[in-house]
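Down below is the structure, laid out as structure tokens.
Keep in mind that the numbers below use all heavy atoms, side chains included, and drop hydrogens, waters and symmetry copies. Predicted, not measured: the structure shown is a model, and the values here were computed from it. Start at 1 with the first residue, then count along the sequence.
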Amino acid sequence: MIIRDFVAFDFETANRNRHSICSVGMVFVKNGKIEDSLYQLINPEEEFDDFNISIHGINKEEVQEAPTFDYFYNSIKNRIENKIMVAHNLSFDGYAFRDNLIRYEIKSAYHQFLCTYQLSRRIMPGLPSYRLNSLCNHLGIELFNHHHALDDAKACAYVMLKLTTDFQITNLDELYGKTKIRPGEIVQSNYRSSFVDKYPERVDFKRIKIATDTDPNHPFFGKNMVFTGKLKLLSRKKAAELLAARGGIPQNNITSTTNYILLGDFNEAMIKGNKSSKLKKAETMIQEGKNLKIISEEDFMRML
């Protein structure tokens, strides 16, 4: 699914209850451009807290004639079905969405969900704040009326387009490869938010064919290599395929036959000392006299 096509959305609520949605903003993006947008007041059928009113300025009188969430959702269901839904704080907006589906016993369409807050933290680490207004300021995006649902949804859309363009993320596979983020989804009323996969799928090196008709004098020919750390230039699978094309053999774990350790995040490990268990084992083996070389991703690319 192409990430240049999505629906950015934002909810404001009447009180601390997530299901008390009182306004909705949605922005429809197609082929990387905003195609349409909508703003709708919602009757939450609940009391308004003064604190929430001070944030978004909506009060009970303004929504008395507005539709309830079930009516609103059914009116736009066909427009958002099977779309990627993007919010800036999915841990709030996603569950507000789910809670209303449950509250009104709505049979929802299928949706996938992504979060620009989560995405920006993964691909731009170290910023002082990832709040929507701070992020927009950092990226040079205008946010005219923060906490107005439509303005926030538009800002979210522009943030999503900026991040996916600048970091060349065109589909969900590339998103996962660069961030390890898996999109959330909803089926009927069963909701799962997007999340960072801490245990990504292992590459099955046994499926990678080792070239035997290549240069036998190449430094990788017939040599075993283990990968550790996060690679920046290549995926681990691509690195293993390039190694195999030179006659090298990718390994999952360090053994007595290992010749090379390809170390991702080289500076993080060697300068800051944040070393993986594989790297620590390799250093111990080297100290014990094992002919084992630790190389950076840049070294690997030069040696290819």
Side-chain angles (χ1 to χ4, degrees), residues 1-13 21-42 55-56 58 69 72-73 75-98 108-124 127 129-172 174-176 178-179 181-186 193-194:
M1 189 174 287
I2 303 300
I3 303 183
R4 305 286 283 175
D5 297 349
F6 60 88
V7 179
F9 71 103
D10 182 77
F11 298 134
E12 299 297 329
T13 56
I21 292 173
C22 62
S23 69
V24 179
M26 287 189 172
V27 174
F28 300 84
V29 178
K30 187 172 183 180
N31 295 325
K33 296 184 187 259
I34 291 179
E35 185 179 57
D36 197 9
S37 64
L38 67 84
Y39 176 72
Q40 178 65 58
L41 291 173
I42 301 291
I55 295 293
H56 50 60
I58 302 168
F69 185 85
F72 165 77
Y73 179 77
S75 72
I76 53 93
K77 183 176 179 179
N78 291 339
R79 294 190 67 186
I80 62 176
E81 185 172 12
N82 295 319
K83 302 281 188 179
I84 294 177
M85 306 287 290
V86 181
H88 187 66
N89 184 6
L90 194 60
S91 61
F92 173 80
D93 294 283
Y95 284 99
F97 187 88
R98 182 206 66 177
S108 79
Y110 177 75
H111 309 290
Q112 288 182 297
F113 295 88
L114 289 172
C115 177
T116 48
Y117 178 88
Q118 185 181 58
L119 177 60
S120 61
R121 285 182 66 91
R122 292 295 293 175
I123 61 180
M124 294 192 304
L127 295 183
S129 172
Y130 294 89
R131 292 171 62 88
L132 183 59
N133 54 346
S134 298
L135 196 58
C136 284
N137 186 58
H138 176 79
L139 295 173
I141 295 169
E142 290 185 309
L143 175 54
F144 295 102
N145 189 5
H146 192 24
H147 296 303
H148 184 282
L150 182 55
D151 283 359
D152 282 0
K154 284 181 179 177
C156 174
Y158 284 123
V159 168
M160 184 67 176
L161 289 170
K162 176 75 172 168
L163 294 178
T164 53
T165 298
D166 287 358
F167 293 90
Q168 299 179 333
I169 299 171
T170 60
N171 57 55
L172 293 178
E174 289 181 357
L175 177 81
Y176 181 79
K178 293 182 179 182
T179 67
I181 292 175
R182 292 195 183 277
E185 64 178 4
I186 195 162
S193 191
S194 64

Going from CG on Asp166 to CG on Leu161, what distance comes out if it is rounded to the nearest 0.5 angstrom? 10.5 Å

Does atom OH of Tyr73 have more than 12 heavy-atom neighbours from other groups under 6.0 Å away? yes

Would you name the heavy atoms of Thr116 and Leu163 that are closest together and state the gap between them? O-CD1, 4.3 Å

Closest approach of Gly25 and Ala149, non-hydrogen atoms and distance? N-CB, 3.4 Å

Taking the side chain as every heavy atom from C-beta outward, state whether Arg4 and Asn31 have any atom pair closer than 4.5 Å. no

With side chain to side chain contact (heavy atoms under 4.5 Å, CB included) as the test, would you mind laying out the steps for Met124 and Phe167 before giving the verdict? CA-CA 10 Å; Met124 294 192 304; Phe167 293 90; 3.8 Å; yes

Looking only at atom types and distance, does a side-chain atom of His88 sit under 3.5 Å from a main-chain N or O of Tyr130, one as donor and one as acceptor? yes

For the student: nearest non-hydrogen atoms of Ile58 and Leu41, plus distance: CD1-CD2, 3.9 Å

Side chains of Asp5 and Ile84, heavy atoms from C-beta outward: is any pair under 4.5 Å? no

Heavy atoms, side chains only, cut-off 4.5 Å: are Met160 and Ile3 in contact? yes

What distance separates Tyr117 OH from Ser194 OG, expressed to the nearest 0.5 Å? 12.5 Å

Say you draw a straight line from CG of Asp93 to CD of Glu12; how long is it, rounded to the nearest 0.5 Å? 8.0 Å

Measure across Met26 and Ile80 and return the closest heavy-atom pair with its distance rounded to 0.1 Å. SD-CG2, 4.2 Å

Applying side chain to side chain contact (heavy atoms under 4.5 Å, CB included), run through Leu114 and Leu175 and close with a yes or a no. CA-CA 10 Å; Leu114 289 172; Leu175 177 81; 3.6 Å; yes

Contact check, side chains of Ile21 and Phe97, non-hydrogen atoms, under 4.5 Å: no

Heavy-atom check, side chain of Tyr39 versus side chain of Ser23, under 4.5 Å: yes

For Lys162, is there any backbone N or O sitting under 3.5 Å from a side-chain donor or acceptor partner on Thr165? no

Which heavy atom in Asn145 sits nearest to a heavy atom in Asp152, and how many Å separate them? O-OD1, 4.1 Å

Hey, are the side chains of Gln168 and Lys178 touching, using non-hydrogen atoms and a 4.5 Å cut-off? yes

Taking atom types as modelled and ignoring hydrogens, do the side chains of His146 and Asp151 form a donor-acceptor contact shorter than 3.5 angstrom? no

Measure the spacing between CD of Gln40 and SG of Cys22 and express it to the nearest 0.5 Å. 11.5 Å

Val24 vs Ile76 side-chain heavy atoms within contact, under 4.5 Å: no

Where Phe11 and Phe92 come nearest, the two heavy atoms and their spacing: O-CE2, 4.1 Å

Side chains of Ser108 and Arg98: any donor to acceptor distance under 3.5 Å? no

Exactly one of Lys30, Arg79, Lys154 clears salt bridge (Lys or Arg N to Asp or Glu O under 4.0 Å) with Asp36, and that residue is Arg79

Check the surroundings of atom NZ in Lys77: do more than 12 heavy atoms from other residues, nucleotides or ligands lie under 6.0 Å from it? yes

Is there a side-chain contact between Leu150 and Val27 (heavy atoms, below 4.5 Å)? yes

State the CZ-NZ distance between Phe6 and Lys83, to the nearest 0.5 angstrom. 11.5 Å

Can you tell me how far CG of Leu135 sits from CG of Leu143, rounded to the nearest 0.5 angstrom? 10.5 Å

Determine whether Phe9 and Leu90 satisfy the following criterion, side chain to side chain contact (heavy atoms under 4.5 Å, CB included), listing intermediate values before the conclusion. CA-CA 10 Å; Phe9 71 103; Leu90 194 60; 4.2 Å; yes

